Amino acid sequence: MPDIVTLNYSEAGQGTPVVLLHGFPLSGAIWHEHQKRLSDRYRVITPDLRGHGRSPAPSGVYEMDLLARDVLAVLDALLIKKAIIMGHSMGGYVALAAWKLAPERFLALGLIASQAGADTEEGRQSRYKLVTKVAANGSKDVAETMLPKLFAPDLPAEAPIIELVRQLILNTQPTGIIGSLEGMAVRPDSGTLLPKISVPVLILAGAHDQIIAPDKAKAMAAAVKTATLTMVEHAGHMPMLEQPQATTTALCNFLGGVGT
Ligand code: MLT
């Protein structure tokens, strides 16, 4: 089994620990504005997953369990026994893998623009095609493939968040992109975990997500007994950047109800 790596992370505030995981192929930076906003009441930790941001990017398949073990090691290093762990998209796959490995570490769970299902065969094959392109041309092919689908269609083409996300993707190392694509391709279906989750779960999606259909959020919410479902209007796959205020409000309302 590959070794865990020591992740880079940013930490702010005091109180109940809240861990915000980013999606593929971005970094903890997507959460920094929310980290600032929440840090007056919570201890907010935003790691860079393996292969992303300033964390190490070893070669190999980044299975979701492996990414989850890296994140649990950050909690260990910070002497945090239990936390509210929320993940965006691939970060949600990692949060579900962490729940499977160590449910006792969770005070609550958040799945932001994410899903519980595994890839379809077609989805898996398109990941492997992208792996070939990234191996040949580097990160820019991922930016070209993903950027047109990441935001709600009504976002103006000159919105600064588009450039921000482009730079985050371009700064992600090819080994990190390839490891993550291969890891997501082999991730198991986590659907059977959902009815067993006993802590509060926030399921938040952009109403116009073109990468993970919002109906998947509704289906997850129907399967989780303890779910709070929030659909963010005028947002696609990146609600924390497209609609930061609505996302903060949803996070604060949820966190306030967790009763820690
Ligand atoms: C992400 O945003 O993390 C990815 O697009 C998720 C995926 O490709 O399944």
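Source: prediction; values computed, not measured. Numbering starts at 1 and runs along the sequence shown. Excluded from the calculations below are hydrogen atoms, water molecules and symmetry mates; all remaining heavy atoms, backbone and side chain alike, are included.
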Problem set entry | CG-CD1 distance between L150 and I169, expressed to the nearest 0.5 angstrom |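 The CD1 atom of I169 is 5.5 Å from CG of L150, to the nearest 0.5 Å.
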
Would you mind reporting whether [Y] and [X] have side-chain heavy atoms less than 4.5 Å apart?
| X | Y | answer |
| --- | --- | --- |
| M220 | V201 | no |
| P200 | T228 | no |
| F254 | M86 | yes |
| K218 | L229 | yes |
| M238 | L26 | yes |
| H208 | P153 | yes |
| L75 | L72 | yes |

For this session: Examine the side chains of Y128 and E182 and answer whether a donor and an acceptor come within less than 3.5 Å of each other.
Result: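 E182 and Y128 do not have a side-chain donor-acceptor pair below 3.5 Å.
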
For this session: Check whether the side chains of H34 and T247 place a donor and an acceptor atom closer than 3.5 Å, and report yes or no.
Result: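 No.
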
Exercise. Considering residues at least two apart in sequence or located in another chain, which fulfil the ring pair (Phe, Tyr, Trp, His ring centres under 6.0 Å) criterion with F106?
Worked result: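 For F106, the residues satisfying ring pair (Phe, Tyr, Trp, His ring centres under 6.0 Å) (neighbours in sequence not counted) are W99.
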
Problem set entry | Any donor-acceptor pair under 3.5 Å from S180 side chain to F24 backbone |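 Not a single qualifying donor-acceptor pair exists.
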
Exercise. What's the verdict on side chain to side chain contact (heavy atoms under 4.5 Å, CB included) for F151 and V165, showing C-alpha distance, side-chain angles and the deciding distance?
Worked result: CA-CA 10 Å; F151 306 103; V165 170; 3.8 Å; yes

For this session: Can you spot which of V18, L78, T16 makes a side chain to side chain contact (heavy atoms under 4.5 Å, CB included) with R43?
Result: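 When V18, L78, T16 are each tested with R43, the side chain to side chain contact (heavy atoms under 4.5 Å, CB included) holds only for L78.
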
Exercise. Out of R37, E33, M240, K36, which residue meets the side chain to side chain contact (heavy atoms under 4.5 Å, CB included) rule with T248?
Worked result: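 Answer after filtering R37, E33, M240, K36: R37.
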
Exercise. Looking only at heavy atoms, what is the nearest atom pair of T175 and Y62, with distance?
Worked result: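 Closest approach of T175 to Y62: O-OH, 3.8 Å.
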
Problem set entry | Which atom of R50 lies closest to which atom of I4, heavy atoms considered |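 Looking at all heavy atoms of both residues, the closest pair is NH2-CA, 3.5 Å.
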
Exercise. Listed by chain and number, what are the salt bridge (Lys or Arg N to Asp or Glu O under 4.0 Å) partners of K140, not counting sequence neighbours?
Worked result: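 Salt bridge (Lys or Arg N to Asp or Glu O under 4.0 Å) check on K140 returns nothing, list empty.
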
If you count heavy atoms of other groups shown closer than 6.0 angstrom to [atom1] of [X], is the number above 12?
| X | atom1 | answer |
| --- | --- | --- |
| E63 | CD | no |
| E104 | CD | yes |
| E144 | CD | yes |

For this session: Just do the side chain to side chain contact (heavy atoms under 4.5 Å, CB included) check on T226 and V199 with the steps written out, would you?
Result: CA-CA 7 Å; T226 50; V199 294; 5.9 Å; no

Problem set entry | Joint hydrophobic cluster, I177 plus L130, side-chain heavy atoms closer than 4.5 Å |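 Hydrophobic grouping puts I177 with L130.
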
Problem set entry | ILVMFWY network linking V5 to I178, side-chain heavy atoms under 4.5 angstrom |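 The answer is yes; both residues are in one hydrophobic cluster.
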
Exercise. Hey, mind stepping through L21 and L67 against side chain to side chain contact (heavy atoms under 4.5 Å, CB included) and telling me if it holds?
Worked result: CA-CA 10 Å; L21 303 175; L67 299 183; over 6 Å; no

